[in-house]
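Accompanying notes for the structure given below.
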Amino acid sequence: MLTFDKVLIRQGDFSLAADLEIAGGQIAAVLGPSGAGKSTLLSALAGFLPLAAGRILWQEQDIGALPPAERPVSILFQDGNLFPHLNARQNVGLGLRPNLRLEAGEWHAVERALERVGMAGMGARRPAALSGGQAARVALARALVRARPLMLLDEPFSALGPALRAEMLALVAELAHESGALVLMVSHEPGDARAIAREVVLVAEGRAHAPVATDEIFANPPEALKHYLGDRRAS
Amino acid sequence: MARRPVEISRVTLAGAAALGLVLALVLGTLAAVALRAEAAGGLRAADWAALRFTLLQASLSAGLSVALAVPLARALSRRSFAGRGLLITLMGAPFILPVIVAVLGLLAVFGRAGLVNAALGWFGLGPVSIYGLEGVVLAHVFFNLPLATRLILQGWQEVPGEHFRLAASLGFSARDVARWIEWPMLRAVLPGAFLVVFLVCLTSFAVALTMGGGPRATTLELAIYQAVRLDFDLGRAALLALVQLALGVGAALLALRFGLPEAGLGAGLDRIERRWEAESLALRLWDGLLIVLGAGFLLVPLGTVAWRGLQGLTALPPGIWEASLRSVSVALGATALTLALALSIAAFAVLRRLPVAGAAGVLGLAASPLMIGTGLFILINPLADPARFALLVTGAVNALMALPFVLRALLPALARIEADYGRLADALGMTGATRLRLLWWPRLRPVLGFGAGLTAALSMGDLGVVALFAAPEQATLPLQMYRLMGAYQMQAAAGAGLVLLALSLGLFWLFDRGGRGNAHL
């Protein structure tokens, strides 16, 4: 169970309030118009932004004061997930030891993670030699070896075409199912949520709303979501 | 793209004329120098020594500047404090600071009777002399440490913020960040930064004239000056000028190979990423110490100049106002010439799609001012007394030296305007003077203002060609300051230094401000 307890985040003039609980072991989509604060919510959860008020709890432990590395969190950004001068294997290995002095068993784990995301045999490639989808797979492999119970996806697939994005979402769904991690996935594409998310957290007008089951929220959208969806609801 | 033939010929004419003038000044003087150099025979031992010293001091200056700039830039990249923006802006100032004023400030701090030696005296330690190699390198580091710091800071700013957040998320230590993020960035940035400083120091004249000298500390540019002024051996000066040119061209080719970094105007240097790996008290104290030392190294000599200058205002020598007037006239003339040349060349290069034309305008960067000066001296000498043309030649050479910097800002700006609005202006029939007045001028004003300020300040403070040509009664302000220092009239020199400093910065501010004021961008 992930709890935002009367959380307030301030960035200059912008502020976001969140007071909600999300059940573990599922995929929840974070939906809303751009600029509403979807990424802000994830940044605060990952420890990159301080809280102006409130607490964040994971399994009833307050994690709001922990530095980013000590939080039970893996995060994938929109871009910049891989260091361009390190190959795929090294980029994944950083998830186990930041100094890359890995033991043989750990390198094995890296190879297995690369295999799992469909990148077997491509460990020696640098990011420049990878397609966008392949780079995203490597980033997922790193999240895999880190094995943190919370996986945050801050639109890492937004630059991919529809078919490739569907493929990546299916892979995320499989990985989440295997590991039992809670996946929070930012998206401005309602289709992404429909494809794999059990619940939707709507972020709009300075507030993150409590999660609602995906079917329900699209069948009966609240005002803010209607605004955002516009005519597409009919399609 | 159909333009009226009248306009085509006008842009082409102006562009060709401007390029012709630049090429004539650079290649014409080169030819004059080359013809004269034949008579000189080979290089003498002293000439080889000058070549060695030029390379040695440039390498040392560039190496030290860059080595010191790395920790300073790192400290600035990860600390936010009151005055950070101001300090980074001030680090752009040495570029437009008159060399002779900075030298006076450095002497006041590090010189025989300076603050450092006074402090050493309390501990019973003997005075340290900074004339010679040490002084030349010290002055070059003073000028180029800020430049190198800004270039390297740019590198830090260009690291994607995600990488630092990723590092925090993965639990990187300061060492891990250095190894996986900072070192790869530095490996890409450092060669360019080193080369920029090396190039600047290669054509060093005023610093060598005031801090060096003697057979053991003479740069090629200084040797050219001595050959013309002291020995009146024009053949030898010409030969040295050729060696200097070969050095400049070699370094420029190297720079092309590596690509020179852009010295930004400070825009975009204000973003600070939070750095989780560097939040320990020890690292914060260390960075604070570095920033205080760096700022002190830059500000104490300048503060000392200002302080002593105020006291020296009462001892201003006669003729100071005439010298000031001469300097301002030369600076304004050089500014007008640079703007005319830059606009003509840029319009030609952009409208006619001839990037080569823009590149030719940057030629002045490889040529040394003293080579051009020597060439003009050789050309004028048989016909008339070169001293009569001292101010004209100084202004022209100053304009030529500032041209590359102005063009580098102007060319991309004009290309952008034409890409964005060129077709609209064509469709509306805005050509010729109308296009200049209603499209280019309003949008180029900030760039032109900055370029004009830069040229005026560089020309105000220039102590180079003028030393080669001028007779005693026609000194510019920097030359008069140099003579006062040579006569050990330090108080008068300090007063003149303050006047020079105020005029240089004032002109820069006036033009830059004028360009930005009411700019609708």
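Naming convention: chains lettered A, B, ... in sequence-line order (proteins, then strands); numbering from 1 in each chain. Only this structure's heavy atoms are used, side chains among them; waters, hydrogens and symmetry mates stay out. What you see is a predicted model, and the numbers here were worked out from it, not measured in a lab.
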Check P98(A) against G171(B) and note the closest heavy-atom contact, atom names and distance.
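In this case the closest contact between P98(A) and G171(B) is CG-O, 3.6 Å.
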Are more than 12 heavy atoms, taken from residues, nucleotides or ligands other than E178(A), located less than 6.0 Å from that residue's CD atom?
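Yes, enclosed.
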Does CD in E174(A) sit with more than 12 non-hydrogen atoms of other residues, nucleotides or ligands closer than 6.0 Å?
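More than 12 within 6.0 Å, yes.
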Atom group of L86(A) that falls short of 4.5 Å from chain B, counting heavy atoms:
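Side chain only.
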F77(A) portion near chain B, given a 4.5 angstrom heavy-atom threshold:
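For F77(A), the contact with chain B is made by the side chain alone.
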Pull every donor-acceptor pair under 3.5 angstrom between chain A and chain B and give the atom names with distances.
unit_1	atom_1	unit_2	atom_2	d
A69(A)	N	A168(B)	O	3.1
G80(A)	O	H163(B)	NE2	3.4
L82(A)	O	H163(B)	NE2	3.3
H85(A)	NE2	W180(B)	O	2.5
P98(A)	O	W180(B)	NE1	2.6
N99(A)	O	R179(B)	NH1	3.4
R146(A)	NH1	S169(B)	O	3.3
R146(A)	NH2	S169(B)	O	3.2

Distance, nearest 0.5 Å, that separates CD1 of I181(B) from CZ of F83(A)
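The distance works out to 4.0 Å.
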About how many Å separate CG of L82(A) and CG of L166(B), when rounded to the nearest 0.5 Å?
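Those atoms lie 8.0 Å apart.
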